[in-house]
2 protein chains.
Amino acid sequence: MDRAIDKVRDALQARGLRLTKPRRLVAEKVLSARRHLAADDVLEMLRRDGTPVARATVYRTLEMMKECGTFDEHDFGRGRKVYERAIGRPHHDHLYCIGCGAIIEFQEPEIERLQDQVTRRYHFIAMYHSHKIFGYCRRCGPKAPSGDKAHDEPPRHQDTKND
Amino acid sequence: MDRAIDKVRDALQARGLRLTKPRRLVAEKVLSARRHLAADDVLEMLRRDGTPVARATVYRTLEMMKECGTFDEHDFGRGRKVYERAIGRPHHDHLYCIGCGAIIEFQEPEIERLQDQVTRRYHFIAMYHSHKIFGYCRRCGPKAPSGDKAHDEPPRHQDTKND
DNA sequence: TTGATACTGAGACTCAGTCTCAATACGAAC
DNA sequence: GTTCGTATTGAGACTGAGTCTCAGTATCAA
Ligand SMILES: [Mn+2]
Ligand SMILES: [Mn+2]
Ligand SMILES: [Zn+2]
Ligand SMILES: [Zn+2]
């Protein structure tokens, strides 16, 4: 079950950091989320649970866990960073729907291989990368989905709580 | 020579927008820059030239030219967006040195092709993408280049005015 | 000219993220 | 378990890139 939280603890302890209660609460939210979470999402979820954690602590913790390699951080250009668990799952990159905000994950080993090739070409030591493709998911289609009225409320599909 | 500025004018006019003097000044800076420029860079260059343009206008213009497809916008996670000319040159992606801030451009048609393949796989209509690889350039090497003292002023190579 | 419209500049404003610092929790050592 | 030094937290002030507002100005057509 929650072996994941132990991995988190280990990663912290390896750097002389402790898994305190606030940190555990934040970590659990991200670990169990089925979508990419922003700091504000975590903040509000914890508030609703009756286990509030200070804003600064949430930000600090997310940053810290990214540094420890247990979370991945992404910026889809929406003005806030989002996080997802990184431990216990394979690397992937993202498609981002500019119509509804849906995030689709993909893996393409061939691209990863070519990236290595590119970095070698420039004698570059790659540490991490960010590969995002922006466009319209199958439900949003190539153009504004609604007819004429430029009302453009982003459509809400079931799995579209992403950002 | 500056056929480029005519292309800019055309792209604007195609959308019923005018190439005013402030817009031309901003455009010329980006068109002639040999590096990626942030809004503040443009602002200050124009100020120094004795042809100041208001901050809001610079931001508006950069955004506008991105929308028109004449500039490309990138966010390398340094808290400010940077721009470069897009017209009259082929698409490329970037390596970003987290040691010195150098930006290396690369093209890899095979990756572009595989991206198309990925988007088809998900019935996704790609509009644009962002592919960045972060790490250390050949001059910065795999670790902090300086010895023990964690003074860590980012090293300054000649072409490192990038950001 | 006149009027309609696009654009600019100055500065107020926003808001995600950071910083400060006093209060608190914790872990190690008595 | 008491004591002490250090790590952490919470509350709120602060930062700064980018946006918004709006009155004044330029541009164009009739
Ligand atoms: Mn993901
Ligand atoms: Mn470039
Ligand atoms: Zn990848
Ligand atoms: Zn590309």
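Heavy atoms only: backbone and side chains are in, while hydrogens, waters and symmetry mates are out. Numbered from 1 within each chain, the chains take letters A, B, ... in sequence-line order.
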(request) Taking only the side-chain heavy atoms of A/T57 (C-beta and beyond), determine which of D/dT9, C/dG9, C/dG17 contains the nearest atom. (result) D/dT9
(request) Before giving the answer on side chain to side chain contact (heavy atoms under 4.5 Å, CB included), spell out for B/D72 and B/Y83 the whole-Å C-alpha distance, their side-chain angles and the decisive distance to 0.1 Å. (result) CA-CA 6 Å; B/D72 276 343; B/Y83 299 85; over 6 Å; no
(request) Considering non-hydrogen atoms only, spot the tightest contact between A/F124 and B/Y96 and give its length. (result) CZ-O, 3.3 Å
(request) Could you tell me the separation between the CG atom of A/L19 and the P atom of D/dA7, rounded to a whole number of Å? (result) 17 Å
(request) Identify whether the distance between the nearest side-chain nitrogen and carboxylate oxygen of B/D41 and B/R80 falls below 4.0 Å. (result) yes
(request) Inspect the contact between B/R9 and B/D6 and indicate whether a charged nitrogen and a carboxylate oxygen are less than 4.0 angstrom apart. (result) yes
(message) Rounded to whole Å, please give me the gap between CG in B/L43 and C1' in D/dG18.
(response) 12 Å
(request) Whole angstrom is fine here: how far is it from CD in A/Q13 over to P in C/dC26? (result) 14 Å
(message) Testing the basics here: between A/C137 and A/C100, what is the closest heavy-atom pair and its distance to 0.1 Å?
(response) SG-SG, 3.9 Å
(request) Round to a whole Å and report the spacing from CG of A/D41 to P of C/dA16. (result) 11 Å
(request) Could you tell me whether B/E44 and B/R47 make a salt bridge, using a distance below 4.0 angstrom between a side-chain N and a carboxylate O? (result) no
(message) Please determine whether a side-chain nitrogen of the Lys or Arg among B/R89 and B/E84 lies less than 4.0 Å from a carboxylate oxygen of the Asp or Glu.
(response) yes
(request) Could you check how far CE of B/M64 sits from P of D/dG18, rounded to whole Å? (result) 17 Å
(message) Between A/Y59 and C/dT18, is there a contact of a side-chain N or O with OP1 or OP2 at under 4.0 Å?
(response) no
List every contact pair, protein side and nucleotides 19-21 of chain C side both N or O, where the distance is under 3.5 Å.
none

(request) Please state how far atom CG in A/L25 lies from atom C1' in D/dG10, giving the value in whole angstrom units. (result) 14 Å
(request) Using atom CZ of A/R23 as one end and atom P of D/dG10 as the other, report the distance to the nearest whole Å. (result) 11 Å
(message) Under 4.0 Å from OP1 or OP2 of D/dA7: is there any side-chain N or O of A/T20 that close?
(response) no
(request) Please determine, for the side chain of A/D40, which listed nucleotide (C/dA16, D/dG18, C/dT8) has the closest atom? (result) C/dA16
(message) Can you tell me whether the side chain of A/R55 and the base of C/dG17 have a donor-acceptor pair closer than 3.5 Å?
(response) yes
(request) May I ask you to say what B/K81 touches in the nucleic acid, namely base, sugar-phosphate or nothing, with a heavy-atom cut-off under 4.0 Å? (result) sugar-phosphate
(message) Please encode protein proximity along nucleotides 25-30 of chain D as a string of B, S and -, counting only heavy-atom distances under 4.0 Å.
(response) --S---
(message) Measuring to OP1 and OP2 of C/dA16, would you say a side-chain N or O of A/R78 lies under 4.0 angstrom away?
(response) no
(request) Give the rounded distance in Å between these two atoms: NZ of A/K21 and P of C/dC26. (result) 9 Å
(request) Give a yes or no on whether a salt bridge exists between A/R85 and A/E28, defined as a side-chain N under 4.0 angstrom from a carboxylate O. (result) no
(message) Less than 4.0 angstrom from a charged side-chain N to a carboxylate O is my criterion; do A/K29 and A/D49 meet it?
(response) yes
(message) Taking B/R60 first and then B/E63, would you say they form a salt bridge - that is, a charged N and a carboxylate O separated by under 4.0 Å?
(response) no
